[in-house]
Enquirer: 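First the structure, then my questions, so here it is.
Any value given below was found using the heavy atoms of this structure, including those in side chains, with hydrogens, waters and symmetry copies removed.
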Amino acid sequence: MSDVSRSRRLLRQSIRLQARLEASWGDRWIPAIIGVVLSAVLINLGLGRLDNLRSGPDLAAYTQSSWLLAEGYLPKASLFGTNVHLLELHWSFILYPLAVIGRFTDPARTLIVAQGLALGAGVPLLWRLARRAADLRIGGATAIVAAYAFHPATHNLGIVDFHPETIAVPAIFGLALFSYTRRWVPYWIAVAVILACRADFGIAVALWGILLVGTGKRVQGLWTSGIGMAWTLGLLLVGQPLLKRFV
């Protein structure tokens, strides 16, 4: 077989494979497989660090806070300092539902698993964002999610210590996707999850609302900006002093 015939055959096979991937099969399974593998790797490595006593101090402090919440005590972990309430740090309300789960499981492992699952759940949302909003083909979308999955920052968030803001990662992708597709119920759920992770995330939500206003979604954008700024300013300027005084 000549080199020209071999090249044409490889080209036809490549085009045929790309056509199959561009069908629903690729959109359904590629992000699912990457997301599952990413979560499995992060959870396995995170639990390995925990078992080898190599986890950081934040995981220990949040584990202590989670245990205190599960047992009905005030979440004033001694590892955060003397008489420091959990909410004084970043107003991470997301720790409360995680503490409920940690009541029936090991709290430290619950936090590690939740973190890994959140980062893995971001893959399908990022994939749909690349395919629908950016209108990328299979190759481009795969490159984006692969860059996300292999980026050192993703692995640092999922393996080294515990970071409440990690839970907001899929919600941030969902914020962009659902606003583009005008699915407002899941959009507001994503906003709620983001705000529950950190008080200062309200500024990012408010800026996203300004972007929505600029793209013609005026009502949703104004509400988003108002809620984001009210959340951040209310918790930091009003909630913080009240918490220190009464708790």
Enquirer: Has the side chain of Glu88 got a donor or acceptor atom that lies under 3.5 Å from a matching backbone atom of His85?
Expert: yes
Enquirer: Quick one: does Ile159's side chain get under 4.5 Å of Leu42's, heavy atoms only?
Expert: yes
Enquirer: Atom CG in Leu136, atom OG1 in Thr142: separation rounded to 0.5 Å?
Expert: 10.0 Å
Enquirer: Out of curiosity, Asp135 CG to Arg131 CZ, how far, rounded to the nearest 0.5 Å?
Expert: 8.0 Å
Enquirer: Which is it for Val41 and Leu38 under the side-chain contact (heavy atoms from CB on, under 4.5 Å) test, yes or no, and what are the steps along the way?
Expert: CA-CA 5 Å; Val41 170; Leu38 176 61; 5.6 Å; no
Enquirer: What's the spacing between Ile203 CD1 and Ser225 OG if we round to 0.5 Å?
Expert: 12.0 Å
Enquirer: Testing the 3.5 Å rule here: is there a donor-acceptor pair between the side chains of Gln64 and Ser78?
Expert: yes
Enquirer: Between Thr232 (side chain) and Met229 (backbone), is there a donor-acceptor pair under 3.5 Å?
Expert: no
Enquirer: Would you check if the side chain of Asn52 reaches a backbone N or O of Gly48 as a donor-acceptor pair within less than 3.5 Å?
Expert: yes
Enquirer: Check Leu125 against Pro170 and note the closest heavy-atom contact, atom names and distance.
Expert: CD1-O, 3.1 Å
Enquirer: Verify, without hydrogens or angle tests, whether Gln115 (side chain) and Leu157 (backbone) share a donor-acceptor contact under 3.5 angstrom.
Expert: yes
Enquirer: Report yes if the side chains of Trp231 and Leu195 come closer than 4.5 Å at any heavy-atom pair, otherwise no.
Expert: yes
Enquirer: side-chain contact (heavy atoms from CB on, under 4.5 Å), that's the test. Do Leu87 and Tyr96 meet it? Break it down for me.
Expert: CA-CA 10 Å; Leu87 296 181; Tyr96 282 77; 3.7 Å; yes
Enquirer: Taking all non-hydrogen atoms of both residues, which atom of Ala99 and which atom of Ser66 are closest, and how far apart?
Expert: CA-OG, 3.4 Å
Enquirer: Starting from the C-alpha separation in whole Å, work towards a yes-or-no answer on side-chain contact (heavy atoms from CB on, under 4.5 Å) for Lys217 and Arg182.
Expert: CA-CA 9 Å; Lys217 304 176 181 70; Arg182 296 179 179 271; 4.0 Å; yes
Enquirer: Between Trp91 and Ala196, is there a donor-acceptor pair closer than 3.5 Å when you use the side chain of the first and the backbone of the second?
Expert: no
Enquirer: Parallel, tilted or perpendicular: which one describes the rings of Phe80 and Tyr62, with boundaries at 30° and 60°?
Expert: perpendicular
Enquirer: With a 4.5 Å limit on heavy-atom distance, are the side chains of Phe93 and Leu235 in contact?
Expert: yes
Enquirer: Mark yes or no for whether Ser39, through its side chain, and Gly116, through its backbone, hold a donor-acceptor pair below 3.5 Å.
Expert: yes
Enquirer: Decide yes or no for Arg49 and Ile112: does some side-chain heavy atom of the first lie under 4.5 Å from some side-chain heavy atom of the second?
Expert: no
Enquirer: Grab the two heavy atoms, one from Ile144 and one from Ala130, that are nearest each other, plus how far apart they are.
Expert: CD1-CB, 4.1 Å
Enquirer: Kindly assign one of parallel, tilted or perpendicular to the pair Trp184 and Tyr187, based on the angle between their ring planes and the thresholds 30° and 60°.
Expert: perpendicular
Enquirer: Do Asn83 and Lys76 have side chains that approach each other closer than 4.5 Å (heavy atoms only, starting at C-beta)?
Expert: yes
Enquirer: Report whether Ile33 and Leu119 are members of the same hydrophobic cluster (ILVMFWY, side-chain heavy atoms less than 4.5 Å apart, transitive linking).
Expert: yes
Enquirer: Quick one: do Ile227 and Val205 satisfy side-chain contact (heavy atoms from CB on, under 4.5 Å)? Show the steps, please.
Expert: CA-CA 8 Å; Ile227 292 173; Val205 171; 5.9 Å; no
Enquirer: Would you say the side chain of Pro164 lies within less than 4.5 Å of the side chain of Leu95, judging by non-hydrogen atoms?
Expert: yes
Enquirer: Between His90 (side chain only) and Ser92 (backbone N and O only), is there a donor and an acceptor less than 3.5 Å apart?
Expert: no
Enquirer: Hey, are the side chains of Trp188 and Thr224 touching, using non-hydrogen atoms and a 4.5 Å cut-off?
Expert: yes
Enquirer: Calculate, to the nearest 0.5 Å, the distance between atoms CD1 and CD1 belonging to Ile94 and Ile194 respectively.
Expert: 11.0 Å
Enquirer: Test your reading of the model: is there a side-chain donor-acceptor pair from Thr110 to the backbone of Thr105, 3.5 Å cut-off?
Expert: no
Enquirer: Between Ile167 and Ala114, which heavy-atom pair has the shortest distance, and what is it?
Expert: CD1-O, 3.8 Å
Enquirer: Name the residue from Trp127, Phe178, Tyr148 that meets the ring pair (Phe, Tyr, Trp, His ring centres under 6.0 Å) definition with Phe173.
Expert: Tyr148
Enquirer: Once you round to the nearest 0.5 Å, how far does CG of Leu117 lie from CD1 of Ile43?
Expert: 4.0 Å
Enquirer: Salt bridge between Asp161 and Arg54, side-chain N to carboxylate O under 4.0 Å?
Expert: no
Enquirer: Under 4.5 Å between any side-chain heavy atoms of His163 and Asn156, yes or no?
Expert: no
Enquirer: So, Ser179 side chain and Ala176 main chain: donor-acceptor pair closer than 3.5 Å or not?
Expert: yes
Enquirer: Could you tell me the separation between the CD1 atom of Ile34 and the CG atom of Leu126, rounded to the nearest 0.5 Å?
Expert: 10.0 Å
Enquirer: At their closest point, which heavy atom of Val213 faces which heavy atom of Leu222, and how far apart are they?
Expert: CG2-N, 3.8 Å
Enquirer: Closest heavy-atom contact between Ala77 and Ala61?
Expert: CB-O, 3.7 Å
